[in-house]
Amino acid sequence: MVSTPAIVAREPKDIGHPNWQIEDVSVSEPGDNEILVEMIASGVCHTDLVLSSLPPGYMGIEYPKIVGHEGAGYVKQTGQSVHSVSVGDPVLLSFHSCGSCSQCDDDHPAYCDTFARENYIGRQGSVTTTNTGDKPWARFFGQSSFARCSVVDESCVVNAKGLLQSPEELKLFAPLGCGFQTGMGAVANIANAGAKDVVVVLGLGSVGMAAIMTAAIRGCKAIVGVDRLDDRLALAKELGATHTLNTAGSDMDLAEAVRALVPAGASLVVDTTGVPKLLEGGLEALRQRGKLVMIGVPPPGFELSVKATEHMNMGRSVMGCIEGDCIPKEAIPEMIRWYRDGRFPFDRLITYFEAHRFDQALKQLHDGSAVKAVLLWDSRE
Ligand SMILES: [Zn+2]
Ligand SMILES: [Zn+2]
């Protein structure tokens with residue numbers, strides 16, 4: 001048993017707003033395929049907020065729980081069957097996959113048969129709250145990184161021993177395991193974008209910014225960033241956007257606005273917003289053989305309709321996207337190589353917060369003044 005502080009998500013008092021608090025918990029020994037990780041830093045991803053602010057019972061969600069699905073730390077203890085890391089190794093954390101279903105076998109672990117259950121719900125039993133004796137749901141995305149110490153599944157772990165130039169880099173690389181990888185993979189894996197592509201990115205959070213940077217790396221001939229915040233649009237230009245559109249305060253027709261910039265329309269639209277009007281506009285903005293890649297979560301029950309004959313004649317595609325269809329053990333080192341070459345400056349998007357100041361992180365994510373919040377566990381209270 002290890003005693004550790006964790007951000008425990010209690011049942012939301014106000015649906016749509018997470019009810020997080022720092023609590024002391026005890027964590028049991030790692031099982032056969034598990035690793036006890038002492039976290040240095042945890043990235044906050046939008047899914048942490050969504051899946052801890054829904055009502056209990058919805059999608060199988062229960063409270064209390066410990067979320068967090070981007071992280072970095074050091075291996076403290078390993079289960080008997082663990083071979084990829086040893087005690088003392090630095091590790092970066094990503095999503096869980098089973099390694100044996102047909103999708104995992106085919107090198108598409110983001111579509112693993114067990115993905116929803118192991119990542120969105122997790123498991124109960126290994127963590128106990130000190131004050132109340134509750135057993136929070138843990139192993140969220142196989143890791144529950146919002147704790148100084150957490151038991152994680154080996155499938156989530158990327159050994160960072162050969163990736164770091166200094167220990168300081170661990171906290172910088174902590175958020176690579178979900179949001180950045182998703183935006184990168186949408187452009188590089190799902191769309192396989194290249195020099196002839198005209199790319200439109202809807203929403204410029206960490207996912208959208210990663211898509212912009214990757215489109216620039218791929219040499220795409222036009223890259224249009226779309227957001228409601230001027231600061232984000234300005235930053236997107238510095239990261240590789242050739243054009244920007246601000247959708248705030250106007251009843252903009254997105255397809256028309258895109259065609260005013262690139263008359264033939266877009267060959268790739270990456271949506272990170274889930275906003276129905278933008279999804280519909282994004283689809284309309286596509287040229288022949290264009291692809292709409294859906295990352296943002298639309299409202300429950302929303303159906304995206306297509307004009308079937310036009311869709312067929314234009315050869316358009318609408319594609320779902322989880323985790324950029326990435327294999328984390330390959331995607332994370334690749335992003336680090338690009339970062340070292342100066343082509344993927346994701347460090348410019350990070351704001352650090354002490355873990356106990358998570359409320360400030362949430363506030364700045366909400367008002368847009370932070371693109372990617374990273375919580376630090378290294379200063380002991
Ligand atoms: Zn699988
Ligand atoms: Zn995420």
Side-chain angles (χ1 to χ4, degrees), residues 33 43 45-48 50-51 54 58-61 67-71 84 92-123 137 139-145 152-158 175-193 201-203 205-208 210-211 214 268-274 279 282-283 290-298 300-304 306 316-335:
N33 296 302
C45 191
H46 190 61
T47 307
D48 296 313
V50 173
L51 293 182
L54 289 167
Y58 187 85
M59 284 174 60
I61 286 168
V67 295
H69 63 286
E70 298 171 344
S84 59
L92 301 172
L93 305 180
S94 189
F95 61 89
H96 175 282
S97 59
C98 80
S100 58
C101 70
S102 60
Q103 294 298 327
C104 284
D105 235 18
D106 212 16
D107 289 336
H108 296 284
Y111 301 98
C112 173
D113 286 352
T114 69
F115 193 91
R117 190 178 73 235
E118 294 285 0
N119 290 292
Y120 301 154
I121 309 287
R123 297 185 192 182
W137 286 79
R139 284 203 15 154
F140 181 75
F141 278 75
Q143 55 174 280
S144 290
S145 68
V152 313
D153 189 84
E154 189 181 12
S155 71
C156 304
V157 164
V158 175
L176 288 174
C178 185
F180 289 120
Q181 149 177 292
T182 299
M184 181 279 276
V187 172
N189 298 336
I190 293 180
N192 192 17
V201 179
L202 306 176
S206 57
V207 178
T214 308
L268 170 62
V269 173
V270 177
D271 175 69
T272 72
T273 70
L279 282 166
L283 185 58
K291 297 169 187 152
L292 169 64
V293 178
M294 296 174 61
I295 299 173
V297 184
F302 171 68
E303 294 185 10
L304 180 66
V306 296
R316 287 171 171 164
S317 307
V318 177
M319 309 164 92
C321 170
I322 293 290
E323 299 286 348
D325 199 11
C326 284
I327 300 170
K329 285 182 173 62
E330 295 173 8
I332 290 174
E334 176 91 325
M335 288 185 284

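FYI, side chains are in, hydrogens and waters are out, and symmetry mates aren't considered; it's all heavy atoms of this structure. Owing to the predicted nature of the structure, the values given are computational and were not obtained by experimental measurement.
With sequence neighbours left out, the side chain to side chain contact (heavy atoms under 4.5 Å, CB included) criterion links V207 to T182, T272, I295. Remark: S84 engages E154 in a side chain to side chain contact (heavy atoms under 4.5 Å, CB included) (not counting sequence neighbours). Applying the side-chain hydrogen bond (donor to acceptor under 3.5 Å, both in side chains) rule to D271 yields the partners T273; only residues at least two apart in sequence or on another chain are considered. N189 is linked by a side-chain hydrogen bond (donor to acceptor under 3.5 Å, both in side chains) to nothing, counting only residues two or more places apart in sequence or in another chain. Annotation: side chain to side chain contact (heavy atoms under 4.5 Å, CB included) contacts of I322 (sequence neighbours excluded): A110, Y111, F115, Y120. The side-chain hydrogen bond (donor to acceptor under 3.5 Å, both in side chains) search around S94 returns Q181, not counting sequence neighbours. Among residues two or more places apart in sequence or in another chain, the side chain to side chain contact (heavy atoms under 4.5 Å, CB included) test is passed with V297 by none. Residues forming a side-chain hydrogen bond (donor to acceptor under 3.5 Å, both in side chains) with H108 (at least two apart in sequence, or on another chain): D325.
Distance CG/L279 to CD/E303: 13.0 Å, rounded to 0.5 Å. To the nearest 0.5 Å, atoms SG (C156) and CG (N33) are separated by 11.0 Å. In this structure, OG on S144 lies 11.5 Å from CG on D153, to the nearest 0.5 angstrom. Rounding to the nearest 0.5 Å gives a distance of 9.0 Å between CG of L268 and CE of M319. Expressed to the nearest 0.5 Å, how far SG of C178 lies from CG of D48 amounts to 8.0 Å.
Among residues at least two apart or in separate chains, salt bridge (charged side-chain N to carboxylate O under 4.0 Å, His left out) pairs with a member in residues 112-121 are E118-R123, E118-R139.
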Take V270 and L202, measure what side-chain contact (heavy atoms from CB on, under 4.5 Å) needs, and give me the verdict at the end.
-> CA-CA 6 Å; V270 177; L202 306 176; over 6 Å; no

CA sep, side-chain torsions, deciding dist, call: L283, V269, side-chain contact (heavy atoms from CB on, under 4.5 Å) = CA-CA 8 Å; L283 185 58; V269 173; over 6 Å; no

Going through the checks in order, is the side-chain contact (heavy atoms from CB on, under 4.5 Å) test met by V67 and F141?
-> CA-CA 8 Å; V67 295; F141 278 75; over 6 Å; no

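No donor-acceptor pair closer than 3.5 Å links the side chain of N119 to the backbone N or O of A116. No side-chain donor-acceptor contact under 3.5 Å links K291 to the backbone of I190.
Under the 4.5 Å side-chain criterion, counting only non-hydrogen atoms from C-beta, V152 is in contact with L93.
Aromatic pair H69/F95: ring centres not closer than 6.0 Å.
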